[in-house]
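Heavy atoms only: backbone and side chains are in, while hydrogens, waters and symmetry mates are out. Treat the numbers as computed from the prediction; the structure is a model and nothing was measured. Remember, it's 1-based here, ligands and their atoms both numbered in the order they're listed.
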Amino acid sequence: MKTVYLVIGIFTLSIILVSFKPESAKIKGNEKSVLSSSVMPEDIFMKLADNSMKYPFVQQKLNYSYDALEPNIDQLTMEIHYSRHHAAYTENFNKAVESSDLKEKSLFEIFGMMSKLPAAVRNNGGGYYNHLMFWQIMAPNAGGQPTGELAKAIEMEFGSFDKFKEKFNEAAKTQFGSGWAWLSVTKEGKLVISKTPNQDNPLMDLAEVKGIPVLCLDVWEHA
Ligand code: FE2
């Protein structure tokens, strides 16, 4: 099974990085301002992460068909993963928020106080957001190495794109049990690789390594 993860990891990295921009950069339209910052104040960091997603949370449509990523990810896996797993996280997250006082909070505000919230919010909120990003960063007929500021930042932080891939795959392979591997931008404006258990993510206040996710890899068996 770990071999499968490795294959998926390499595949994911090779098809997405060329065109993907960090979540924060998409919001601000200026990738350089994130990756070149030496220190990022807490309020600015949270503002970059806040994309105003609020209840009711919507499962965005896939931009490609279930079979578009074959042979790397088969049609049935994609269909089950999207239409059952992610749909369930979305539905259950909405239910958990609906019956709480979190309705007016943004998704990222909720993540920022996750250590104080019930397990249903943590598991389903993470499952909702993590998969949202997962579908978005993959695409058929994409691929190659990243360019521009992201390429420079990867080289500066990890030495080379190949070394980065090696470290990212290592994080995915060594996640014990279900979870995710991440590439994130820290408050200091640095790229960092981490892994989280279950449906946790680096935006949560309880994450060991915090940051704004740039890239993620689902290492659950259902992926
Ligand atoms: Fe998943």
Taken in chain and number order and not counting sequence neighbours, the residues that satisfy side-chain hydrogen bond (donor to acceptor under 3.5 Å, both in side chains) with N201 are N130

query = With no hydrogens and no angle check, is any side-chain donor or acceptor of Q60 less than 3.5 Å from a backbone partner on L132?
reply = no

By side-chain hydrogen bond (donor to acceptor under 3.5 Å, both in side chains), T77 pairs with (sequence neighbours left out) D74

Residue pairs meeting salt bridge (Lys or Arg N to Asp or Glu O under 4.0 Å), one or both in residues 92-101, sequence neighbours left out, come to E91-K95

So the protein N/O/S atoms within less than 2.8 Å of the Fe ion (ligand 1) come down to H81 NE2, H131 NE2, D218 OD2, H222 NE2

Practice task
Output yes when a side-chain donor or acceptor of W180 lies under 3.5 Å from a complementary backbone atom of D200, and no otherwise.
Solution key: no

Should V58 and W135 be regarded as members of a common hydrophobic cluster, given that ILVMFWY residues are connected when their side-chain heavy atoms come within less than 4.5 Å of each other, either directly or indirectly?
no

